[in-house]
Student: 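Once you've had a glance at the structure underneath, I'll fire off some questions.
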Amino acid sequence: GGGSTGGNPLDTTSAAPSGSASGGGGKAVVGSFDFPESVLLASIYAQALEAKGVQVDEKPNIGTREVVIDQVKSGGLTIVPEYNGNLLAFLDLKNTAATTDEVDTALQQKLPAELEVLDSSPAEDKDSLSITKDTQTKQSLNTMEDLAKVSKDMTFGGPPEFKERWEARLKEVYGIEFKEWKSTGATTADALKDGSIQVGNVFTTDPKMAANNLVALQDTKNIFPAQNVTPLLNKAAATDTIRTTLNDISAKLSTQSLLDMMQKIAVNKDEPATVAKEWLTTNGLG
Amino acid sequence: MSWLIAFFDWLVEFFGDPARWSGPDGIPARLLEHLEFSALALALAVLIAVPLGLLIGHTGRGEVVVVVSANLARALPTLGLLVMFVLLLGAASVWPVIIPLVLLAVPPILVNTFEGIKGVDPELRDAAYGMGLRGGQVLGRVLVPVALPLILLGCRLSAIQVVATTTVAAYTGLGGLGRFIIDGFATKDYARVVGGSVLIVLFALVVQILFALAQRVTVSPGVSRRLKVR
Amino acid sequence: MITFDAVTKRYPDGTVAVDGLSLEAPTGEITVFVGPSGCGKTTSLRMINRMIDATEGQILLDGVPVQGIDPPTLRRGIGYVIQQAGLFPHRRIVDNVATVPYLLGWDRRKARARAMELLERVGLDSALARRYPFQLSGGQQQRVGVARALAADPPVLLMDEPFSAVDPVVRTSLQDELLRLQAELNKTIVFVTHDIDEAIKLGDRVAVLRVGGRLAQLADPKTLLSDPADDFVREFLGRDRGIRRLQFVSTAGLRLRTDLTVEEGFGGGTAEPWALVVSADGAPVGWVADARPDVLEPFGTFVHGRDSMRSALDAALLSPSGCAVGVDENGKVVGVATREALDEALAEAADG
Amino acid sequence: MITFDAVTKRYPDGTVAVDGLSLEAPTGEITVFVGPSGCGKTTSLRMINRMIDATEGQILLDGVPVQGIDPPTLRRGIGYVIQQAGLFPHRRIVDNVATVPYLLGWDRRKARARAMELLERVGLDSALARRYPFQLSGGQQQRVGVARALAADPPVLLMDEPFSAVDPVVRTSLQDELLRLQAELNKTIVFVTHDIDEAIKLGDRVAVLRVGGRLAQLADPKTLLSDPADDFVREFLGRDRGIRRLQFVSTAGLRLRTDLTVEEGFGGGTAEPWALVVSADGAPVGWVADARPDVLEPFGTFVHGRDSMRSALDAALLSPSGCAVGVDENGKVVGVATREALDEALAEAADG
Amino acid sequence: MGDGPPSIWEWIARNWDTGRVDSIRNLLTDHLTMSLVPILLSLVVALPLGLACVRWRWLYQPTSGLMNIVYAIPSLPIFMLLISVTGLSQTTVIIPLTFYGMAVLIPAVVDGLGSVPDHVRQSAVAMGFTPLRRLLAVELPIAVPVVLAGLRVVAVSSISLVSVGALIGQGGLGSLFTRAYQNPFMPPVIVGIVLIVALALVADGLLVLAQRLLTPWVRARKGRA
Ligand SMILES: Nc1ncnc2c1ncn2[C@@H]1O[C@H](COP(=O)(O)OP(=O)(O)OP(=O)(O)O)[C@@H](O)[C@H]1O
Ligand SMILES: Nc1ncnc2c1ncn2[C@@H]1O[C@H](COP(=O)(O)OP(=O)(O)OP(=O)(O)O)[C@@H](O)[C@H]1O
Ligand SMILES: [Mg+2]
Ligand SMILES: [Mg+2]
């Protein structure tokens, strides 16, 4: 299918960028993708900024990168918690940068003029192809190379945009082809468990990995790039207050703390905002 | 104007792509899935609502139940029900989609069937009994044929709502034309969103036409007064 | 014969619609229930075919209590005609009429043939048979209603204000039609109306009910008019009771004089102050007074032997001569009823 | 006075509803338009207040052509009453009646006071004023319709079959009410009906129209009955024309005999074959025949001077004696009209 | 904050008013705005359009045909397409819901005016009402019950439809559903459904009350069998 987004007349949209830094705190619209970790990160950003006197408007749970980035470009959103690798892949599908540094460098080159990324945090949440422990033992699969041999009989499940981005790359690098691609949003883990798919795209920090006995196949050829949490900003609306605040957060955020926080959200069903607040307080940012 | 052109471009892009016309993500497969979900939901709704409406309209007992429950069912958010049933039953089966759709489809059919039967001229009912028709015969041979336009109207309204709402099924990973819309949105492929929507609207229009035909065939000209007088 | 034996109907809300009603509707006659609105006419009628069940007492059909008969079976043997005809809008006229035959399991062809025959009988063009009810006028629909009730040739016919929704002219013709049909068919008919004129015109016997569902009087129309049982009935019968009574007095015995006519064009007079000018073919032309032989005065006619004394009196009152012109069915003068002759006949009627 | 001057109405589809109609509806009188269905009665009526505009000819209101007047203004000065009363279901009775006063900008209090006064005038309890139309019976609604039309005291009243949807008893009382009101108010009324009895009862002048919208006859009711212009009118007037004519003949000149009464309890007879027994307070008790002195026979009464000859004749026909009992307004016997006296009076009436 | 998932009551208490955008209270307010505005807006637009359709009969066929099509378009794609025009605002949800409302209300207005008995209209003319005054003082008031019946349907379904907006992050209480779906947890779903149904019933009740007050002349006439 043709997923071309070029020449889309709606790409340049009407909503005017919110006026740039004005005096004290300024204004910011913090958005997030439609998965809990993104919502959590956005909430951390938002509450930290509020503490700094920025007037914050939150728009959680908007949708996929394709939709969200557009909004940041047009100024409908000021800030989104991004992952550097995915952002790069989104901007330049062919780019093979893998490590955090490589990715960040490449990103700076490819980033459109309206956008700005801040420092990448050490906290990382990688994409993965995951299978159940059951499948792993039965078919003795450990790496994605192993998967290539059996993938033709398997059904894959993941968010709809994953196919667009990775179908070609997976085939090219590993020779992985699936019998069928299914769109499973938040239910990928459940679908793996009930067997309606055999391979799924799950984030490595997703608490569902552990909860459902899932294992990630090793990405031996490093096609999934580094995925450090990286704030993405609308350049026009960015202020120094925002930049410093967010950079402070990125510095303090680690993969482990992300995992811990996600655990609270997924298992204890704590609200992202509450968890975010807790973390900010503990780290002296709130 | 540019709107229209863009719209047209999208349609060409969507329908013009030969790959769209085959495979599990192709138009025919998705259409079939959509049809399956909608038809199943509608059939269940008809099976529930029509007999209930007939019974209550005919006996005149339980009128309040109809009004209240119909209103309540209308108020139920389909998305909420969908999520609730996914959480309860898992995303693998079709029931989490079908149940909310049935709940959505029942009120219009129920209310219209009930009103249709209740609204039949009491003189007519009287005449039927007076001629020696039994209760069931009165219902089947007189009340239903006379109330048929309203009953069909209820089914048509429900069918259209179901067709439009089956889209939401895609949210939980099930198929149907909604896939084009959800996936198209996720990948910002507006051609797919527009193409899917157009397919759904066409689908709904076909449903309208089918119901209009069904009405022509099943409703007596004496009731629809289609015939020219003299 | 339909027998009401101390029948009472009390509705669940306590309304006593019919109270201890006992009467008989003889076989082959039209019995009319008449009375003010809410007096229980409809209730009484509907107890016969068990659309409503009596609270107390019983109703017998040729001696058999209706309570013992399964209602649908009972009803298929009783024709039922109501105000708006109650035709099934989704069926063609012919199928409407054939409803009961179908129910009784008649062969389709036979049922339709019967329906066509009945449509003709009630005076409807067979071209109407393929139409739907909405394509008929109110009067035509009412005729279809009657045909439908007659379809299975039931011995009993119940009619609840069948003609009250149509305009007066059509109404009169429907009444005449019913009388003509009844003369052929001899059904046992119970007819409900709130119009006393209709009751008197149609009824062999008229039952006047008063509100509360009690029988005020049961009598043939003539007796009703001459001997109302009480003030309620008298009031209900309204004015002109005396004049309307004449409707039941035949002119057959009315003495006619044939010596009061002169032929048109012949100048000669009679010995009397008035003479009736008659045309060459026997039709009346006008009265001439002795005093003014060239002025034709108006006249009134009645068909001798067929019309009632009411018509004869009316005819007499239309003319300054005070005499009514008797004609035959073809309009030919058969004689003149003088005021004396009328007085005589009226006096006799009053005595009888 | 309303004047139709060669008025023709042709509908866009070509139907000629009214064809060259010329007539006058005099001030302070009731002019009735009567005729079969579709003869253009409603069309004629509505051209007066310009709900329909004439195609040719003109209509004058006291000499002023209505075409020159702005329709809403014209209509506010003309009362209009129709069959279904046309009450506004969303307004209380009092506000319904006050509609035109409100439109004319009257003060609210004054308009309501006027409405209350009118409700009383048409015989409605003032407790009904706060009700909504659906809470009233058909007859009551019709009374409200009349009150509403009268609210702004318009000199002209148009009534289109105002009483034809109510049952006969109520209808009669509404007609009586209208006559009583008119005696007080002296409006110029144009009244449409298809019921010839109503026309004759209410009309000072009756215009009979034939289908196609042509005037068949315009006359006062008495003339109409005695001299129908042609067969169409004669047919339309129906039977009993002679008898109904008597309605317009007063009993004032009827010769009464006072020597035919005997007091109750006194055994003595009279010289005649019949004697009327009268109670101590003057009320009639019954006739006794010479031959059977202990049997009381029925009698009929009329109020002498007030009732018409029709009543007198009816009264005579109710009794085997053939005599009508004349009473005064209180029901006391004033004398007996023998058949001879009646014959005399009738002959006179026929001549007149 | 204890370990393990909270009970539904704890969850409600925790989230009722956190001061954040996604507290239940704020969602409720958003939900109300996004459903009430289209209800009112569609009424305001449908009235003149309905009147126009009555005045010019030929308009009704095409209008109702168009509205039939509008009714058949699922809300989701319209939300998505509108994002590019109106952005991530409540307007994106309000516009399509307004159109759905119109699809129900225009026929209701037409039917309502059609329910004015002809004799009532005629007698208004005959009493000298000018056309505008007749419309305002006679025809519209009598049409109220039918229009209100339509408005009840619109109100209830708007309130329930807003929740679909959650799929683009603008769903009021509907966002409880997406949240609960992404992070499987039942209490938000239940709270969402209950609140939406409650809102709908309250709105419906208010409209019934409004009908009672506005149209005291309409009473269910207890017909007898
Ligand atoms: N189902 C019922 N429940 C309670 N009361 C009833 C019922 N049906 C009729 N009635 C009452 O019984 C009485 C007689 O009703 P019925 O219909 O027999 O009168 P009717 O003589 O036919 O009157 P009409 O001339 O108006 O048709 C009335 O007072 C009526 O209100
Ligand atoms: N708007 C119209 N367009 C065409 N023809 C009409 C229209 N209104 C009435 N007519 C026709 O004009 C003729 C006279 O109609 P009108 O309503 O005046 O009759 P009417 O005497 O009042 O009859 P009815 O007693 O039935 O009320 C009828 O033939 C009728 O069909
Ligand atoms: Mg009755
Ligand atoms: Mg008319």
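Chain naming here is simple, since letters A, B, ... match the order of the sequence lines and numbering starts at 1 in each.
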Student: Side chain, backbone, both or neither: which part of Leu342(D) has a heavy atom under 4.5 Å from chain C?
Tutor: neither

Student: Are any of the side-chain heavy atoms of Arg244(D) and Asp314(C) separated by less than 4.5 Å?
Tutor: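 Side-chain contact under 4.5 Å: no.
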
Student: Where does Glu340(D) contact chain C at under 4.5 Å (heavy atoms): side chain, backbone, both or neither?
Tutor: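 Contact with chain C involves no heavy atom of Glu340(D) at all.
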
Student: For Asp294(D), what residues pass the salt bridge (charged side-chain N to carboxylate O under 4.0 Å, His left out) criterion, not counting sequence neighbours?
Tutor: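 In terms of salt bridge (charged side-chain N to carboxylate O under 4.0 Å, His left out), with neighbours along the sequence ignored, Asp294(D) is linked to no residue.
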
Student: For Glu344(C), what residues pass the salt bridge (charged side-chain N to carboxylate O under 4.0 Å, His left out) criterion, not counting sequence neighbours?
Tutor: Arg255(C)

Student: Is there side-chain contact between Ile243(C) and Arg310(D), with heavy atoms separated by less than 4.5 Å?
Tutor: yes

Student: I want to check something: taking the side chain as every heavy atom from C-beta on, are Arg339(D) and Leu346(C) in contact at a cut-off of under 4.5 Å?
Tutor: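 SC-SC contact between Arg339(D) and Leu346(C) confirmed.
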
Student: Side chain, backbone, both or neither: which part of Ser311(D) has a non-hydrogen atom closer than 4.5 Å to chain C?
Tutor: neither

Student: Please determine whether the number of non-hydrogen atoms from other residues, nucleotides or ligands lying under 6.0 Å from atom CZ of Arg210(C) exceeds 12.
Tutor: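 Buried by this count: over 12 neighbours within 6.0 Å.
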
Student: Is Glu235(C) in contact with chain D via its backbone, its side chain, both, or neither, using a 4.5 Å heavy-atom distance?
Tutor: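 It is neither, since no heavy atom gets under 4.5 Å.
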
Student: To the nearest 0.5 Å, what is the distance between CG on Leu318(D) and CG on Leu225(C)?
Tutor: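 Nearest 0.5 Å value for the CG-CG distance: 9.0 Å.
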
Student: Within a 6.0 Å radius of atom CZ on Arg214(D), are there more than 12 heavy atoms belonging to other residues, nucleotides or ligands?
Tutor: no

